[in-house]
Structures are given as C-alpha cells and as structure tokens.
There are 2 protein chains.
Amino acid sequence: MAADDGKRKISESTIQRLSIYYRVLSILKKEDIKTISSKELAKQEKLTPAQVRKDLSFFGSFGTRGLGYPVTELKNRIANILGLDREWKVAMVGVGNIGSALVGYKEFQRHGFTISMIFDNDQRKIGSNHKGILVSDIANLKEGLRENKIDIVIIAVPATVAQYIVDDIVEAGVSGILNFAPINLKVPDHVILRNENMSMELEHISFSLVNRESITATKE
Amino acid sequence: MAADDGKRKISESTIQRLSIYYRVLSILKKEDIKTISSKELAKQEKLTPAQVRKDLSFFGSFGTRGLGYPVTELKNRIANILGLDREWKVAMVGVGNIGSALVGYKEFQRHGFTISMIFDNDQRKIGSNHKGILVSDIANLKEGLRENKIDIVIIAVPATVAQYIVDDIVEAGVSGILNFAPINLKVPDHVILRNENMSMELEHISFSLVNRESITATKE
DNA sequence: CGGACTATGTGAATTCATTCACAAGTTACT
DNA sequence: AGTAACTTGTGAATGAATTCACATAGTCCG
C-alpha cells in the first residue's frame with residue numbers, strides 16, 4: 001500500500017541486489033522454505049541484514065515482524081519490480097564466439113528473456129540456423145526489430161562497428177541495449193544501455209592480485 | 001615519487017575506471033595522439049574531469065599542468081597498476097556454451113590473459129582440441145593447475161557443481177577466480193573472487209524499462 | 001492470555017565517493 | 001620577459017550509500 005508513486009531514486013546497487021535476492025529466493029522456494037529473515041538472506045550473500053531491509057523498504061513492506069519475509073510472495077514481488085513477470089523479446093546482433101554462446105544460454109530464458117532473432121553480416125551465416133533460430137541479414141536490422149516488436153537487443157559485434165549498429169537499433173525504436181563490445185556507445189537519454197565488459201573483470205582480478213602480493217610482501 | 005606505500009584504500013569504482021582509461025588510452029595511442037587532458041578523457045566516457053584526476057592521483061601525479069597527461073606514459077603506468085604488464089596464466093573450467101566462447105575471446109589475449117588449459121568432465125570433450133588447447137579431465141584439476149602454475153581460473157560450469165570446483169581450485173593454490181555460474185561461491189579471504197552474471201545485467205535493463213515506462217505513463 | 005523472544009521498518013549517524021573550487025605549475029604567444 | 005590561457009593536483013564541501021539502533025509489531029509456547 002505504501003511507496004508506489006514512481007518518484008523515488010533507487011540506486012544501481014540496490015537493483016543489482018534485488019537480482020541477487022531474487023536468485024536466492026528462487027532457490028529457497030525450490031527447497032520449500034516458507035519464510036526467511038533479513039539476517040538469513042543477508043548471510044547467504046555476505047550482505048548486512050540492515051541493507052536487505054533497506055533495499056526492500058524502498059518498494060514497500062513485505063515482511064512480518066517477529067517472523068521474516070514470506071518467500072514466495074517476496075519472490076513474486078521482486079519479479080514484478082524487476083519486470084521479470086513478463087516475457088521480453090530479445091534479439092542478438094552478431095553471432096560470433098560470444099553471441100553464439102549467449103543464444104544458447106539457458107539462464108536468460110529462465111528469467112523471461114527470449115532470444116527470438118539473430119542478425120549477422122557474414123554471408124556464410126545468414127540463412128543458417130543457430131539453436132533453432134534463423135540468422136537474418138544485418139541489412140534488415142531496423143525493419144526486423146520493428147516488425148517483431150523487439151524490446152531488448154544484445155550487441156556482440158566488434159567494437160569498430162558497434163556504434164553504427166546501435167544507431168540503427170535506436171532508430172528502430174528499441175530502448176534496451178546490452179552491449180558486449182568493449183567501447184563506450186552513445187545513445188539518447190531515453191535508451192537504457194548497459195555494458196558487459198568481461199576483460200574488465202579479469203583486470204580487476206589482476207589488480208587485486210598485484211596489490212595483495214605487495215601487501216603480503218611487506219607483511220612478512 | 002609520491003604515494004606508493006601500498007596502504008591506500010582504492011575503491012572498486014576507481015579500479016573499474018582505470019580499466020576504462022586504459023582502453024581509451026590504447027585507442028589514443030593508436031591514433032598517435034601524444035597528450036590528453038582530464039577534460040577530454042572524461043568526455044569520452046561521460047565522466048567528470050575531477051573524477052579522472054582524483055582517480056589518477058591515488059597512484060601518483062602523471063600529468064603536466066597546462067598540458068595534460070602524456071598518453072603513452074599514462075597508458076604504461078595504468079598497465080602497471082592493473083597488472084597488465086605481465087602475462088597471466090589462465091585456465092578455463094567448463095567448456096560448454098560460455099566457456100567455449102571465452103576460450104576464443106581475443107580481448108583476453110590482448111590484455112595479457114592467456115588461456116592455456118581447459119578442463120571439463122564430459123568424456124566426449126576430454127582429449128579433444130578447443131582452439132588449439134587440449135581439454136583435460138576435470139579429475140586432474142588440482143594437479144594440472146599446480147603443475148602449470150596457473151594464476152587465474154575462469155569458472156563456466158553449472159551452478160550446482162561450482163562450489164566443489166572452487167574448493168579444488170583454492171586447494172591448488174590459485175588465488176584469482178572469475179566465476180560465471182549464477183551462485184555465490186565461498187572462498188577464503190585471501191582468494192580474489194569476481195562474479196560475472198549476465199542475467200543480472202539484463203534484469204537491470206528490464207527494471208529500467210519498466211520504471212521508465214511508468215514514469216512516461218504518468219508524464220503524459 | 002501473558003510474557004519472552006524475534007524481526008521488521010526507518011530516522012539518525014556514519015562512512016564512503018564524487019564534485020567543487022582554487023592555488024600552483026606550465027605552455028604559448030607577443 | 002610578461003601575460004593570458006590552460007590544466008593539474010588536492011583539500012574542503014557536498015552528496016550518496018551503508019550501517020546503527022531502537023520503537024514497534026508480530027510470533028510462539030506454556
């Protein structure tokens with residue numbers, strides 16, 4: 001009943017954590033656990049109970065004092081908040097190494113993201129089937145996205161051509177883009193763009209390793 | 001000359017941004033640009049000049065007032081900070097959809113991460129070649145990692161078995177792990193673990209889309 | 001039904017990250 | 001040499017996110 005005037009500013013990290021809670025709740029539900037406290041939920045993912053409660057409180061109050069949160073209800077509520085209670089129509093652009101792997105990635109399907117179109121510019125791939133999906137010519141990208149009412153596009157093409165493709169995607173009226181090319185793409189404000197840069201994660205690890213080593217070295 | 005006592009606390013986001021600066025500097029170098037100001041550098045990635053300067057200042061002062069930063073020198077310095085000026089020996093565990101794609105991912109190689117071992121438990125894959133690398137039996141994981149002095153392991157196996165594998169990896173003395181399984185893995189404090197969860201990014205997009213829509217709806 | 005216990009929800013306090021704003025150093029031009 | 005124009009590096013100010021701490025509300029059990 002509380003808090004749904006669509007005005008609050010939710011932080012990036014809160015959203016990330018909602019995804020995490022959702023994952024945990026899915027497992028709990030499968031294990032037939034009925035309720036969970038913020039303390040337990042936090043422990044599973046190395047967070048603090050206060051943070052769990054604060055995160056959830058942005059969207060309402062779902063818990064019962066003295067008892068905790070009802071697993072199924074909370075899971076459904078988070079699904080609703082994250083928009084996972086509907087099917088999203090997703091297209092993949094670029095079906096090389098990464099693109100091809102993602103088309104077969106079960107996890108996407110499980111969360112309501114259905115990849116139903118694939119585009120590529122390689123003549124040898126166009127017309128062929130990838131996991132049951134026809135590979136279309138990237139020349140038809142704009143019309144294809146429009147006709148099929150695609151919600152979200154995943155970009156897995158070389159960095160050099162990514163911007164041109166994004167421009168087309170935006171023109172086609174798509175407003176959710178997940179980019180795997182290691183480059184900063186420009187999109188209008190109303191378009192939601194997220195970047196997934198796997199090298200960056202490895203670099204983070206190497207930074208930490210180098211750092212850790214220097215600390216260890218001075219310690220002993 | 002300044003700031004190298006290995007005691008400062010560098011924030012996660014600063015490290016992420018160093019990766020970004022590094023990428024931009026690599027491009028600038030290729031374009032034969034000699035110097036860049038914090039203002040320009042910031043503009044490329046939609047950051048603020050102050051943030052660029054602050055980030056860099058944690059590690060020393062590399063710039064020249066009135067002029068900016070020397071591209072090549074700064075690039076090298078960041079490479080050093082991030083540990084990209086050496087070769088890291090990387091092993092891949094699990095060569096399904098994702099794992100297989102990552103083995104062929106050029107970007108890793110370019111940043112000094114060389115995947116030289118692959119492990120899997122599928123008898124049909126063991127002994128075969130993947131992009132020129134022999135697929136080993138996961139039963140030999142521990143010895144394999146030790147013998148080959150692997151620095152970093154990438155995990156691309158089903159969530160259900162990921163924890164067992166991590167335990168082995170840790171026992172083998174590896175202290176950098178990049179995990180693609182959608183599960184929170186437990187590791188000792190001295191081990192650096194990073195998670196890459198691609199569904200989470202999609203969920204972030206769907207959250208934003210749902211949110212944006214509701215805002216648009218009330219606006220008109 | 002009553003008392004001990006448990007856990008939420010949330011303002012206030014704290015910690016952490018970003019941005020501001022400016023002194024100080026350097027260039028470039030006359 | 002002098003001056004106008006830049007740009008860094010960094011304390012101080014602001015802003016954002018996290019944690020604390022507790023009043024409040026429910027559970028559970030005898």
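Chain identifiers are assigned alphabetically (A, B, ...) following the order of the sequence lines, protein sequences preceding nucleic acid strands; residue numbering begins at 1 within each chain. The structure displayed is predicted, hence computed values, not measured ones.
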Does B/Gln51 put a side-chain nitrogen or oxygen below 4.0 Å from OP1 or OP2 of C/dT19?
-> yes

d(CD1, A/Ile10; P, D/dA17) in whole Å | 10 Å

Tell me which nucleotide among D/dT8, D/dC22, D/dT19 gets nearest to the side chain of A/Arg53.
-> D/dC22

side-chain N/O A/Tyr69 vs D/dG26 OP1/OP2, d < 4.0 Å | no

Return the value, rounded to whole Å, for the distance between atom CZ of A/Phe62 and atom C1' of D/dG26.
-> 18 Å

For residues A/Phe207 and B/Leu84, determine if any side-chain heavy atom of one lies less than 4.5 Å from a side-chain heavy atom of the other.
-> no

Set of side-chain contact (heavy atoms from CB on, under 4.5 Å) partners for A/Ser100, sequence neighbours left out | A/Val95, A/His130

Would you say B/Thr48 reaches C/dT19's phosphate, i.e. side-chain N/O to OP1/OP2 under 4.0 Å?
-> yes

Side chains of A/Ile27 and A/Lys30 in contact at under 4.5 Å (non-hydrogen atoms) = no

Could you state the NZ-C1' distance from B/Lys46 to C/dT19, rounded to the nearest angstrom?
-> 18 Å

Please state how far atom CG in A/Asp55 lies from atom C1' in D/dT18, giving the value in whole angstrom units.
-> 10 Å

Partners passing side-chain hydrogen bond (donor to acceptor under 3.5 Å, both in side chains) against B/Gln44 (at least two apart in sequence or in another chain) = none

Grab the CZ-C1' distance between A/Phe58 and C/dT10 for me, whole Å please.
-> 11 Å

Specify the separation, in whole Å, of atom CG of B/Leu74 and atom P of D/dT7.
-> 16 Å

Taking only the side-chain nitrogens and oxygens of B/Arg17, find out if one of them lies under 4.0 Å from OP1 or OP2 of C/dT18.
-> yes

Any residue meeting side-chain hydrogen bond (donor to acceptor under 3.5 Å, both in side chains) with B/Glu31, in chain and number order, not counting sequence neighbours | none

Take B/Lys54 and B/Pro49, find for each the nucleotide of DNA chain D with the closest heavy atom, and name the residue whose nucleotide sits nearer the 5' end.
-> B/Pro49

Can you name the side-chain hydrogen bond (donor to acceptor under 3.5 Å, both in side chains) partners of A/Glu196, sequence neighbours left out?
-> none

side-chain contact (heavy atoms from CB on, under 4.5 Å) partners for A/Ser199, two or more places apart = A/Asn197, A/Glu203, B/Tyr105, B/Glu107, B/Phe108, B/His111

Near DNA chain C, which residues from residues 23-43 of chain A have a heavy atom under 4.0 Å away?
-> A/Ser37, A/Ser38

Rounded distance (Å) that lies between atom P of D/dA17 and atom CD of B/Glu12 | 16 Å

Check: residues 152-178 of chain B side-chain donor-acceptor pairs under 3.5 Å, at least two apart:
unit_1   : atom_1 : unit_2   : atom_2 : d
B/Gln163 : OE1    : B/Lys186 : N      : 2.9
B/Gln163 : NE2    : B/Asp167 : OD1    : 2.9
B/Gln163 : NE2    : B/Lys186 : O      : 3.1
B/Glu171 : OE1    : B/Lys142 : NZ     : 2.7
B/Ser175 : OG     : A/Arg212 : NH2    : 3.2

Atom pairs under 3.5 Å: protein N/O with N/O of nucleotides 26-30 of chain C:
unit_1 : atom_1 : unit_2  : atom_2 : d
C/dT26 : O4'    : B/Arg65 : O      : 3.1

For B/Tyr22, the ring pair (Phe, Tyr, Trp, His ring centres under 6.0 Å) test, sequence neighbours excluded, returns none

